[in-house]
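See structure below.
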Amino acid sequence: MVTGLVGAEARPAGLTVNSFTSVSLDPPLVSFCAGRTSRTWPVLQTAERICVNILGAAQEETSRRLARSGPDKFAGVRWSPSPAGQPVLDGTIAWLECTVEAQHPAGDHHIVVARVHALGTTEGDGPLLFYRGGYGRFTPA
C-alpha cells in the first residue's frame, strides 16, 4: 500500500500496489509496480514523499478499500504521520518513507524505484498476502 499527502490541502491518497521488493542497501532503494490505468498514481507521485505501508494480516479491508476507485476511499481509514508527515496506516507491520527516484514503463504497469529516508516496524501478526487472486496469510514452517 502506497500513501501520501497530495494537493494544496494535503489530503491523504493511497493505492494498493504489487511486486514490492528491495532493490539496494547502498543507497537504500525499493521498488513497486503501479498500474498504468491507475487514477491515483498520477496524483500520488506528485507528493513530496510517499509512504510504503506493509499491511498486516488483519488489514484485508483496508487493502480492498484503497484498491478501488473513488474520491473518498480514504474515508474511515485511520493513520498517523511518518517523520515527514506522510500517512502510516494504523495496523501496518512496517512502513518506509520514500521519495520517487525513477519510473520505468513496463507493459501495463510502471516500475517505480524509490529511495528510503525513514522506516519503522510494529508488532503484528504477519503480513497480508495477495496470491492467485485472493488474500491470505504467511504461515511459517
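Note that the structure is predicted; figures quoted are calculated from it, not measured.
Under a hydrophobic-cluster definition in which Ile, Leu, Val, Met, Phe, Trp and Tyr are linked whenever side-chain heavy atoms come within less than 4.5 Å, directly or via other members, Phe74 and Leu128 are assigned to the same cluster. Under the 4.5 Å side-chain heavy-atom criterion for ILVMFWY residues, a single connected hydrophobic cluster contains both Val100 and Val52. Leu5 and Val88 fall into different hydrophobic clusters, where Ile, Leu, Val, Met, Phe, Trp and Tyr side chains are chained together by heavy-atom contacts under 4.5 Å. Residue Val116 is grouped with residue Val2 when hydrophobic side chains (ILVMFWY) are merged at heavy-atom distances under 4.5 angstrom, including chains of intermediate members.
Here the closest non-hydrogen pair linking Cys33 and His109 is CB-CD2, 3.8 Å. Closest non-hydrogen pair, Leu89 versus Val77, comes out as CD2-CG1, 3.6 Å. Nearest heavy atoms, Ala106 versus Ile111: CB-CD1, 3.7 Å. When all heavy atoms are compared, the tightest approach of Ala34 to Leu15 is CB-CD1, 4.4 Å. Listed here is the closest heavy atom pair of Arg65 and Ala75: NH1-O, 2.6 Å. The two residues Arg49 and Ala84 come nearest to each other via the heavy atoms CD-CB, 4.0 Å.
Taking the side chain as every heavy atom from C-beta outward, Met1 and Thr92 never approach each other to under 4.5 Å. For the pair Val6/Leu44, a side-chain contact is recorded, criterion being any heavy-atom separation below 4.5 Å from C-beta on. Val43 places a side-chain heavy atom less than 4.5 Å from the side chain of Arg11. No side-chain heavy atom of Pro12 sits under 4.5 Å from any side-chain heavy atom of Thr3.
Within 6.0 Å of the CZ atom in Arg36, the count of heavy atoms belonging to other residues, nucleotides or ligands exceeds 12.
Remark: Ser82 OG to Leu119 CG distance equals 11.0 Å, nearest 0.5 Å. Summarising the geometry, atom CD belonging to Glu61 is positioned 9.5 Å from atom CG belonging to Leu66; distances are rounded to the nearest 0.5 Å. Here the straight-line distance linking atom OG1 of Thr62 with atom CZ of Arg78 works out to 11.0 Å at 0.5 Å rounding. Rounding to the nearest 0.5 Å places CD1 of Ile54 at 6.0 Å from CG of Leu96. For the atom pair CZ (Arg115) and CD (Glu101), the distance works out to 4.0 Å, reported to the nearest 0.5 Å.
Applying the side-chain contact (heavy atoms from CB on, under 4.5 Å) test between Trp95 and each of Cys51, Pro87, Ser80 identifies Cys51 as the sole match.
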| message | Ser63 vs Tyr135, test: side-chain contact (heavy atoms from CB on, under 4.5 Å). Steps then yes/no. | response | CA-CA 10 Å; Ser63 177; Tyr135 287 90; 2.8 Å; yes
| request: Determine, stepwise, if the pair Gln45 / Val112 fulfils side-chain contact (heavy atoms from CB on, under 4.5 Å). | output: CA-CA 10 Å; Gln45 69 184 346; Val112 180; over 6 Å; no
| field | Test side-chain contact (heavy atoms from CB on, under 4.5 Å) applied to Phe32 and Ile50, step by step | value | CA-CA 12 Å; Phe32 57 86; Ile50 57 174; 3.9 Å; yes
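Annotation: side chain to side chain donor-acceptor pair (under 3.5 Å) contacts involving residues 19-32, sequence neighbours excluded, are absent.
Without hydrogens or angle criteria, Gln59 side chain to Asp90 main chain gives a donor-acceptor distance under 3.5 Å.
Contacts of Phe20 classified as ring pair (Phe, Tyr, Trp, His ring centres under 6.0 Å), with partners at least two apart in sequence or in another chain: none.
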